[in-house]
Amino acid sequence: MDRLIEKLVNLYGPSSKEDAVKSFIKGEIEQEVDEIGDDKFGNLVAHIKGSGEKLLIAAHMDSIGVIVTDIDKNGFLRISEVGGLRKSFLVGQKLLFENSVEGFVFYEDKESPWEVKDPKIEKFYVDIGVSNKAKAKELVQIGSMGIYKPYFYRLNKRIIAPSLDDRAGCAVMIGVIKNLKRKKLRYDPYFVFTVQEEVGVKGARTSTYEISPDIGIAIDVTDWGDTPETQHIAVSLGEGVAIKVMDGGMIASKVVRDELVKVAKRENISYQMEVITAGTTDAFAMNITKGGVLSGCVSIPTRYVHSPGEVEDIGDIENAVNLVKKFIEK
Ligand code: CO
Ligand code: ZN
């Protein structure tokens, strides 16, 4: 599982530029599904023909990033946010742009040149190693997007990387697809690898409308509450997969939540209940599309979400695969 996640986090895929992630995933699952294809909005939709209610399971392919807004005469890039970037972490980071262009982020403040006192996005700039605007324009354009330069490492049971949100969720869904017992299907499952989640859960909205499922489940990261002086959140790494009760956008449908708990108990899968107050997932969009869809979310407890170093427990990820797989099977 960690090899697969490593491959996924190494791919370039900020919101709206998910193509590399999509073609990798397609290669992984093509042989395992009955139908697969892109929809008009760019989501990758895979269908395994089952019977019973239509189930849509989603994990998003996109990551947060930055977008070039301006290039100054000395070739420095000015940037804006793609998704919920945590700006105070930007200084000193390496960024990766399209075509393997790399850059280094620093910060401009006459009063405080070495300390980030005012983390407004306008104050950060990117040095891509050129000395003028013309040279910079050979490498990037207005609208080019950058991500935190990918890396991946494992420390005991923990993995650390940028964009575990939501490449870990994509890995979980790939794991489910590969391990599903076709003869035991309880639903008619559609697996949607969505685009543009980080900029307003957009891919889930369009695909839910198109597929019109009876039940929707997102697989995504959630916040943590087990480091010093964090929020009062009852989610800890290593304590099991999290089953969402509520987040900043959605109250999970009771039937879906109860069914997930029932399956976890029956199969002896470690789980924890999750209530967070900020942030949301694709399940929020599913929940309120068309006449409404019974929706829930299977979450991977994740520290430092949207920072350059997100941390997860490999055991929780394995529990997530198991829970979703057993949920779909009889
Ligand atoms: Co996110
Ligand atoms: Zn996410």
Side-chain angles (χ1 to χ4, degrees), residues 5 8-9 11-18 21-22 25 42-44 56-67 81-90 93 145-148 150 159-174 176 191-208 216-224 231 233 235 237 241-244 246-250 252 274 276-287 295-313 316-317 320-321 324:
I5 298 172
L8 282 160
V9 301
L11 297 168
Y12 173 87
S15 305
S16 85
K17 310 218 170 184
E18 299 89 351
V21 184
K22 188 163 33 179
I25 294 172
N43 300 299
L44 177 63
L56 191 163
I57 303 186
H60 67 91
M61 297 186 285
D62 62 314
S63 75
I64 56 163
V66 302
I67 184 164
E81 300 141 79
V82 176
L85 202 69
R86 306 238 195 265
K87 280 143 329 250
S88 43
F89 291 125
L90 272 170
Q93 292 300 322
M145 287 182 183
I147 57 169
Y148 287 124
I159 55 173
I160 306 177
S163 77
L164 287 177
D165 175 13
D166 189 24
R167 302 298 160 73
C170 292
V172 167
M173 203 145 84
I174 293 169
V176 170
F191 299 91
V192 183
F193 294 88
T194 59
V195 295
Q196 299 194 36
E197 190 270 355
E198 296 291 1
V199 291
V201 292
K202 292 178 181 168
R205 200 167 301 203
T206 60
S207 56
T208 304
I217 290 177
I219 306 171
D220 209 334
V221 305
T222 189
D223 277 338
W224 74 102
Q231 320 150 74
I233 292 174
V235 175
L237 266 65
V241 58
I243 296 172
K244 191 181 299 290
M246 189 179 94
D247 64 22
M250 177 186 80
E274 164 210 342
I276 63 171
T277 51
T280 195
T281 71
D282 277 341
F284 158 64
M286 298 175 192
N287 197 211
S295 299
C297 184
V298 168
S299 307
I300 305 163
T302 307
R303 286 185 188 155
Y304 328 126
V305 175
H306 288 196
S307 81
E310 299 174 335
V311 183
E312 291 177 351
D313 184 278
D316 294 340
I317 296 170
V321 175
V324 176

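Heavy atoms only: backbone and side chains are in, while hydrogens, waters and symmetry mates are out. All values reported here derive from a predicted model rather than from experimental measurement. In listed order, ligands and their atoms are each counted from 1.
With sequence neighbours left out, the side chain to side chain contact (heavy atoms under 4.5 Å, CB included) criterion links Lys17 to Tyr12, Pro14, Glu98, Met145. With sequence neighbours excluded, the residues forming a side chain to side chain contact (heavy atoms under 4.5 Å, CB included) with Asn287 are Met250, Ser253, Ser295, listed by chain and number.
Residues Ala218 and Asp282 come closest through the heavy atom pair CB-CB, 4.1 Å. Minimum heavy-atom separation, Tyr148 to His306: CE1-O, 4.4 Å.
Taking CD1 of Ile276 as the start and CE of Met246 as the end, the distance is 9.0 Å to the nearest 0.5 Å. From Ser63, atom OG reaches atom CG of Leu164 across 11.0 Å, with rounding to the nearest 0.5 Å.
A donor-acceptor pair shorter than 3.5 Å cannot be found between the side chains of His60 and Glu18. Judged purely by distance below 3.5 Å, without hydrogens or angles, the side chains of Glu312 and Thr302 pair a donor atom with an acceptor atom.
Counting only protein atoms, the N, O or S atoms lying less than 2.8 Å from the Co ion (ligand 1) are Asp165 OD2, Glu198 OE1, Glu198 OE2, His306 NE2, ordered by chain and residue number. Excluding waters, the set of protein N/O/S atoms under 2.8 Å from the Zn ion (ligand 2) reads His60 NE2, Asp165 OD1, Asp220 OD1, Asp220 OD2.
Between the Ser307 side chain and the Gly309 main chain, a donor and an acceptor come within less than 3.5 Å of each other.
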